[in-house]
Amino acid sequence: MTDIISAIKALDANAQVVVNGEPSNQAEYESQVKYISGADENGTAIYKDTQDFTWSQVSAKKAELQTAYDNNEYQRKRASEYPSIADQLDDIYHNGVDGWKATIKSTKDKFPKN
């Protein structure tokens, strides 16, 4: 699942931002998201008067990231089902590559690619 910070960081990996909550519209975005321009001599954040990105840009990027996350669900499910690398190597040693392929194929069949 993606969040607003992930979307902002995808737009600019170096963005310095503070988010209070998870905005779902432009008004919430403007009130809950503050971009940082630096720090004063005491190390306190100095906030910008403007947003680095518009709500449209951030919400579109968030939707894009969510779609990519959703489309790769099979990968996350497969990863949790695959045997450990040590067990896979042991399988190859004892059953050959064809035996190992059969083990892996059962997981791939259980969680097919979209």
How close do [X] and [Y] get, heavy atom to heavy atom, and via which atoms?
X: Thr2; Y: Lys62; answer: OG1-O, 3.5 Å
X: Thr103; Y: Pro83; answer: CG2-CG, 4.0 Å
X: Glu28; Y: Glu22; answer: OE1-O, 4.2 Å
X: Gln32; Y: Pro23; answer: OE1-N, 3.2 Å
X: Leu65; Y: Ala10; answer: CD1-CB, 3.9 Å

Show me the side-chain donor-acceptor pairs of residues 92-100 shorter than 3.5 Å, one per line, residues at least two apart or across chains.
from   : atom 1 : to    : atom 2 : distance (Å)
His94  : NE2    : Asp90 : OD1    : 3.1
Asn95  : ND2    : Asp91 : OD1    : 2.5
Trp100 : NE1    : Gln88 : OE1    : 2.9

Nearest-0.5 Å distance that lies between atom [atom1] in [X] and atom [atom2] in [Y]:
X: Lys9; Y: Asp3; atom1: NZ; atom2: CG; answer: 11.5 Å
X: Ser56; Y: Gln26; atom1: OG; atom2: CD; answer: 6.5 Å
X: Asn25; Y: Glu30; atom1: CG; atom2: CD; answer: 9.0 Å
X: Ser80; Y: Gln75; atom1: OG; atom2: CD; answer: 12.0 Å
X: Gln66; Y: Lys61; atom1: CD; atom2: NZ; answer: 13.5 Å

#### Entry: Residues, nucleotides or ligands: over 12 heavy atoms within 6.0 Å of Lys48 NZ
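Atom NZ in Lys48 is crowded, with more than 12 foreign heavy atoms closer than 6.0 Å.
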| How about Asp49: does its CG atom have over 12 heavy atoms from other parts shown lying under 6.0 Å from it? |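 No, because the 6.0 Å sphere around CG of Asp49 holds 12 heavy atoms or fewer from other groups.
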| field | Aromatic plane relationship, Tyr29 with Tyr35 - under 30° parallel, 30 to 60° tilted, over 60° perpendicular | value |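 Aromatic pair Tyr35/Tyr29 classed perpendicular.
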Under 4.5 Å between any side-chain heavy atoms of [X] and [Y], yes or no?
X: Ser106; Y: Asp109; result: no
X: Ile36; Y: Val17; result: no
X: Ile85; Y: Asp87; result: no
X: Phe53; Y: Val33; result: no
X: Val18; Y: Tyr47; result: yes

**Report entry** Residues Thr67 and Asp70: side-chain donor-acceptor under 3.5 angstrom
**Finding:**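 No, because no side-chain N or O of Thr67 sits under 3.5 Å from a partner of the opposite role on Asp70.
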Q.
Tell me whether Arg76 forms a cation-pi arrangement with Tyr69, defined as NZ or CZ under 6.0 Å from the six-membered ring centre and within 45 degrees of its axis.
A.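 Here Arg76 passes the 6.0 Å and 45° test against Tyr69.
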message: Strictly below 4.0 Å, N to O, side chains only: are Glu81 and Lys77 in salt-bridge contact?
response: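 Looking at Glu81 and Lys77, the cut-off is not met.
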So if you build clusters from Ile, Leu, Val, Met, Phe, Trp, Tyr with side-chain heavy-atom gaps below 4.5 Å, do Ile104 and Phe111 land together?
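Hydrophobic grouping puts Ile104 apart from Phe111.
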